[in-house]
Amino acid sequence: MAKVVTIGRHAERLRRFPGVGVTTAFFFAYLYLPIVIVIALSFNENRIVTVWTGFTLDWYPQVLANTDLIRAARNSVIVAVTASLIATVAGVTAALGLRYFRPRPAEETGTTALIATPLLVPEIVTAVATLIFFVAVGFRLGLMTVIIAHTVFCIPFAYLPIRARLQGLDPALRDAAFDLYADEWRAFRRVTLPLLWPGILAGALLAFIVSLDNFVITFFVAGPGATTLPVYIFSMIRMGITPEVNVASALLLMVSLGIVTLSLLLLKRRA
Amino acid sequence: MQPVTAATAARRRAALMRYALVAPAIVIIVGFMVLPLGLMLTYSFLEPGRYGGVVWSYSPEAYIRFFFERDLDDSLVFNLAYVRIFFRSFALAFVTTLVALLIGFPAALYIAMQSPRWRNFLIFLVTVPFWTNLLVRNYAWILILREQGLINEGLLAVGVIEAPIRMIYNNFGITVGLVYSFIPFMVLPIYASLERIDFRLVEAAYDLGANRWQALRRIILPLARPGIYAGCILVFIPCLGAYVTPALLGGGRNLMIGNLIQLQFGASQNWPFGAALAFVLMAIVLLSMLFYLWRFRGRGTGGLGVG
C-alpha cells in the first residue's frame, strides 16, 4: 500500500512535466484517428469521399456485390485458414518438443532463433527471395505459392505465444499424469492440451490475422487469379479514391480489430 | 552399467521425439525461407534475363550497377542515382526514428506512471493497431493529407488557408506514414524499461534537491536507455525496408529502397539487380541488429540496482 502511495505522489509530480500529458493524448489520437476516419467515411453518402454530406449504408451492398472483390476475400480466407492451421500445428509440436524433451539450452535458443527468422528479415527481402525460389524450382504462381509463403511467416506468430504459455505451465501436472500411468499421448491429450488451449487459440488467431493482412509478400508471389483482399484493395487505391475502397478497407479493419481483441484477451487469461 | 544404459536410452528417445516434433517448423522455415535467401544471393551474381528471370552465367554486374552506369561504348560512368535512393531511405528512417522517439518517450512515460489496470489497458491500445492492416492504415493518410483531404478541406472551410497545402506525395507524407506505422515499436520497449523503474529512486532524487528536469535527466533517462535503444532499432529497421508507405504516400518519384527493389521485378525486369539490392538491405539490417545485441544487450540497466 505504502509503495502505491509514493508512486502516486511522484507520478503526480512527474506527470506534470510540461507536455507529457498533451503528447500522450496526441499519440493516441494519431494512432486511432486514421482507423476511425476510414470506418466513419465508409458510411458517407458523398462520392467525394472526404466531404461528409450524410450517413448511408448504401455502399456496403454495392461492394459486397463486386464479384472480383468477393473472390479476393475468399482467397484471403482460404489462405489465412490454411496457413494459420499448418503454422499452429507446427508451432505446437515445436514448442512441446523444446519444452518437454530435454534439449540443451543452446539447442532451444538456436531453434527458437531459427523459427523467429521470418520476423527479423525485412518483408520485402522475404518477398523477393520467395518469388525467386518459386520461379527457380518451377512452381506456378498461384494460391498454393501464397499459402506456402504465408505459412512461413505465420509460424513464429503462432509459435511464440504458444511457447510463452507452455513455459507458464507447471511441469508437475504432467508428471502427475505419468505417475498415474498415463502414456505420452494421454498426458498430452488430457493434461497439457487443455491447459495450453488458450495459448494455441491466441497463436492461431494472430497467425490468421497476419496472414489476412499481409500485402507485400502476397503482392510478389500471387499469380493471376490468386489475388487476396489486401492486394485487391491496393489495386483499387491505385485506380482512385472511391467509396468502395473505403468500405472494403473498413471491413478489413473491423475484422482485424475483432479478431485481435479476442486473441489478446485469450492471452491475458491465466491458467 | 544397467542404469547408465537405461538413462542413455531414455535420452536418445527424448532426442528422437524432440527432433520429430520440431521438424515440421524447421523444415518449412529452412526450405521456404533460408534456402530462398541463399538462392537470392546466388541470383544477384547472375545475368538478367530479357523478360525477367535470369541467365545462368556469372556476372558481378548487379553490384557494379549500384555505383556505375554503362555508357554506349561500354565504359563505366559514375552514377549516384541508386546511392541517392539508399541515402534518402536512411535519412527518412532517421527522421522517422527521431520523431517517433520525441512522441513515443513522453507517451511511454505517461503510461508507465498509471495504475496497473489502466496501464495494461493503455498498452493494449498501443498494440492493437499493429495487428490491423498496414496498407489500409496508410491509405487512411491519403484521405487525411491529400489536397481534397480532411485537413485541407477543414482549413479551407475555416479560412486559415486559401489554397490547399501539399502534404502528400512528398517526404512529409512519407514521414507521417512511417512514424504512424512503426511508433508502437518505440513505445513498447521504452515502456517495458520504464515499468521496472523503482520510483523511490526518483523520490530520493527529489529529497536530494533535484527538480523535475534533473530527475528526468539523471534518473529516468539513464534507466530508460535500453528501451530507447531497442525502440530506435525497432523503428529504424522496418523503415529502411518500407514498401507500402512510400508506394501510397510518396507518389511516383519519392522512391525508397523497398520500391526500388520492387521495380526490378516489375517494370525494370532486372532480377539480379533486385536480388542484389534485397541482399544489401538484409545485410544492413542483420548487421545493425548484431551490433545492437553486441553493444547494448545485458548492460542495459547501467549498474543501478533496478528490479
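Labels below follow one simple rule: chain letters A, B, ... track the order of the sequence lines, proteins then strands, and each chain is numbered from 1.
Looking at heavy atoms from C-beta onward, A:L120 lies out of side-chain contact with B:V285 at the 4.5 angstrom threshold. Under the 4.5 Å side-chain criterion, counting only non-hydrogen atoms from C-beta, A:F153 is not in contact with B:M33. Side-chain contact check for A:I241 versus B:R146: some heavy-atom pair is nearer than 4.5 Å. Residues B:M40 and A:V125 meet the side-chain proximity criterion, which asks for heavy atoms closer than 4.5 Å. Two residues are said to be in side-chain contact when any heavy atoms from C-beta on lie closer than 4.5 Å; A:F234 and B:V244 fail this criterion. Taking 4.5 Å as the limit, some side-chain heavy atom of A:F219 sits within range of a side-chain heavy atom of B:Y243. Residues B:W131 and A:D213 form no side-chain contact, since every pair of their non-hydrogen atoms from C-beta on lies 4.5 Å or further apart.
For A:P122, the part sitting under 4.5 Å from any heavy atom of chain B is the side chain, from C-beta outward, and nothing else. When heavy atoms are compared at a cutoff of 4.5 Å, A:R99 does not approach chain B at all. Interface remark: B:F265 contributes side-chain atoms only to the contact with chain A (heavy atom separation under 4.5 Å). Contact annotation for A:Y100: neither backbone nor side-chain heavy atoms come within less than 4.5 Å of a heavy atom of chain B. Of the atoms belonging to B:T127, it is side-chain heavy atoms, and not backbone ones, that fall under 4.5 Å from chain A. Contacts of A:I115 with chain B are made by both backbone and side-chain atoms, with heavy-atom separations under 4.5 Å. Contact annotation for A:F28: only side-chain heavy atoms (C-beta onward) come within less than 4.5 Å of a heavy atom of chain B. Heavy-atom distances place no part of B:P116 under 4.5 Å from chain A, backbone and side chain included. For B:I111, the part lying near chain A is the side chain, with the backbone staying farther off; criterion is any non-hydrogen pair under 4.5 Å. In this structure, the portion of A:F215 lying under 4.5 Å from any heavy atom of chain B is its side chain and not its backbone. When heavy atoms are compared at a cutoff of 4.5 Å, B:A108 does not approach chain A at all. When heavy atoms are compared at a cutoff of 4.5 Å, B:Q264 does not approach chain A at all. When heavy atoms are compared at a cutoff of 4.5 Å, B:F279 does not approach chain A at all. For chain B, no part of A:I259 is nearby; none of its heavy atoms comes within less than 4.5 Å. Within the 4.5 angstrom heavy-atom criterion, atoms from both the backbone and the side chain of B:Y180 approach chain A. In this structure, the portions of B:L143 lying under 4.5 Å from any heavy atom of chain A include both its backbone and its side chain. For A:S263, no part lies near chain B; criterion is any non-hydrogen pair under 4.5 Å. Interface remark: B:I142 contributes side-chain atoms only to the contact with chain A (heavy atom separation under 4.5 Å). Heavy-atom distances place both the backbone and the side chain of B:V179 under 4.5 Å from chain A. Proximity to chain A (any heavy atom under 4.5 Å) is shown, for B:A283, by neither the backbone nor the side chain. Within the 4.5 angstrom heavy-atom criterion, only side-chain atoms of A:I148, from C-beta onward, approach chain B. Of the atoms belonging to B:V126, heavy atoms from both backbone and side chain fall under 4.5 Å from chain A. When heavy atoms are compared at a cutoff of 4.5 Å, B:M282 approaches chain A by way of both its backbone and its side chain. Within the 4.5 angstrom heavy-atom criterion, atoms from both the backbone and the side chain of A:L31 approach chain B.
Nearest approach of B:V30 to A:L114, heavy atoms of both residues: CG2-CD2, 3.9 Å. A:V38 and B:A140 make their closest contact through CG2-CB, 3.4 Å (heavy atoms, listed as atom of the first residue, atom of the second, distance). Residue B:A10 comes nearest to A:R102 through the heavy atom pair CB-NH2, 3.7 Å, listed as atom of the first residue, atom of the second, then distance.
When the shell of 6.0 Å around CE of A:M144 is examined, it contains 12 or fewer heavy atoms from other residues, nucleotides or ligands.
Considering A:I155, A:T93, A:V92, A:I86 in turn, A:T93 is the only one that fulfils the side-chain contact (heavy atoms from CB on, under 4.5 Å) rule with B:P24.
Residues B:W141 and A:Y30 bring their aromatic ring centres within 6.0 Å.
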task = Begin with the C-alpha distance, continue with both residues' side-chain angles, and end with the deciding distance and a verdict on side chain to side chain contact (heavy atoms under 4.5 Å, CB included) for A:L131 and B:W271.
result = CA-CA 10 Å; A:L131 170 68; B:W271 288 32; 4.1 Å; yes
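Between chain B and the residues A:A90, A:A136, A:P103, the most heavy-atom pairs under 4.5 angstrom are made by A:P103.
Between B:Y139 atom OH and A:L253 atom CG the span is 11.0 Å, to the nearest 0.5 Å.
Distance alone, capped at 3.5 Å, is enough to place a donor-acceptor pair between the A:Y32 side chain and the B:L125 backbone.
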